Amino acid sequence: MELTREEERMLNGDYGEATRLAMRLIVRVGEALGAEKLVEISHAHVSGISYDNIGEHGLSFIKELAEKGGRARVYATYNPVGLSLLPGPLGPEEVGEAFYKKQMEIIRSLEHMGFKASATCIPYRLRRPRLGEHLAWGESSAVAVANTLYGARTNREGGPLALAAALTGRTYYWGLHLEENRRPDALVSYTGGPLGEPGSGVLGYIIGQSLPDTVPYIDAAVEKPRGVQSLCAAAAASGNTAMCVIRGVSPEDHGPPERPRERLTITPEDLERLRRDIAPLEPREAELFFTGCPHHGVEELDRIERLLDELGLDRAPKPVWVAVPGLYSASLRERAERLRRRNIHVLPGTCIVVARLIRGARIATDSLKAVFYLPRRHGAEVAVTSLREFLKQSLHG
Ligand code: F3S
């Protein structure tokens with residue numbers, strides 16, 4: 001692999017042991033994939049940092065890099081963690097002291113290395129990616145959004161590789177960093193009307209399942225940004241989708257491919273059939289509603305409160321859990337307290353997929369990514385619906 005002088009110096013240990021280890025990892029993986037060179041990145045985002053997922057082994061890897069002087073060379077953020085950063089559901093007192101301490105060690109090590117206190121899977125809301133810029137992100141939903149909605153370039157990086165990219169400011173020039181791999185090669189036509197959440201998520205779920213290893217061109221009216229986020233997250237979860245081109249949405253939309261290697265026509269009935277197959281629970285049987293997968297911005301809390309007001313509800317009849325970025329935890333403290341009295345529970349910095357699920361085995365959600373993971377990871381039964389429908393049904397059930 002061809003390296004610049006600066007990259008050679010990193011590999012030789014001129015910038016310290018952590019940078020050397022990180023560069024060695026990137027070069028090894030890049031060489032194994034056949035990359036000819038590295039590329040400079042402007043933002044690294046590390047996933048896989050819930051202690052529940054990575055355990056002692058992952059914790060020691062991150063700590064070791066921090067202790068060896070690792071320092072982020074570019075803007076760097078990290079994904080949701082294994083507990084809510086405020087008291088309440090999935091909060092410190094629920095996960096237990098031992099788990100809390102381990103998770104905080106991971107967070108401290110990352111922040112010691114210069115990562116922003118982010119704890120979110122929507123890093124594009126913290127720093128908006130630019131068309132054509134190179135990133136190294138490790139959260140599959142965010143990767144698909146960066147490529148699809150912003151036209152930035154990132155592969156689906158594993159947690160250790162995204163961390164190594166943060167410490168070197170480089171990743172291997174391969175996959176979706178190359179122009180020729182970003183052209184759509186499959187065509188999806190949706191015959192129904194505009195899709196928000198959760199409909200766009202169901203469409204994404206089918207696309208991920210049916211069209212692996214493609215860049216699908218999606219001929220459908222997908223609402224920005226939430227419909228796009230939801231579609232990308234679901235397709236990345238049910239398959240390995242890392243990029244779509246959506247008609248009228250993606251900056252790299254130059255029209256459908258002339259000779260797609262695969263074609264798929266999806267009808268509203270197909271969406272309904274899949275929804276029933278993968279989420280057979282009736283929404284009224286669910287114990288709680290979860291939303292915010294991918295994370296919501298805090299403005300969603302206003303929307304939820306307005307919805308309760310509109311439905312004439314002082315309190316939601318059943319708990320509503322809302323996942324938002326961890327960086328808001330301090331500023332949200334009082335508001336979260338007030339919302340709790342309305343049975344709305346804010347979960348800053350986590351989600352029910354990456355956290356330990358302490359309770360709530362029958363869950364309604366508007367997220368198809370959550371539908372994919374909750375039964376597999378937590379043995380939960382799931383229902384798909386919007387919050388509006390859930391609240392209405394809970395009132396009458
Ligand atoms: Fe984010 Fe958790 Fe969903 S990390 S995309 S809210 S599974």
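As the structure is a prediction and not an experimental result, all values here were calculated from the model. All residue numbers in this chain count up from 1 along the given sequence. As the structure lists them, so they are numbered: ligands from 1, and atoms in each ligand from 1.
- Taking a 6.0 Å sphere around CD of E258, one finds it holds 12 or fewer heavy atoms contributed by other residues, nucleotides or ligands.
- Cluster membership for V228 and V202, using ILVMFWY side-chain heavy atoms within less than 4.5 angstrom, is shared.
- Listed by number with element, the atoms of ligand 1 under 4.0 angstrom from any heavy atom of E139 are 5 (S).
- Taking H177 as the reference, H134 meet the ring-ring contact (aromatic ring centres under 6.0 Å, His included) condition, with sequence neighbours excluded.
- Ion pair K101/E97 flagged as a salt bridge, since at least one NZ, NE, NH1 or NH2 atom sits closer than 4.0 Å to an Asp/Glu carboxylate oxygen.
- Under a cutoff of 6.0 Å and an axis angle of 45°, R73 and Y15 form a cation-pi pair.
- Here D219 does not pair with R263 in a salt bridge; the nearest charged N to carboxylate O distance is not below 4.0 Å.
- Protein atoms that are N, O or S and lie under 2.8 Å from atom 3 (Fe) of ligand 1 are these: C293 SG.
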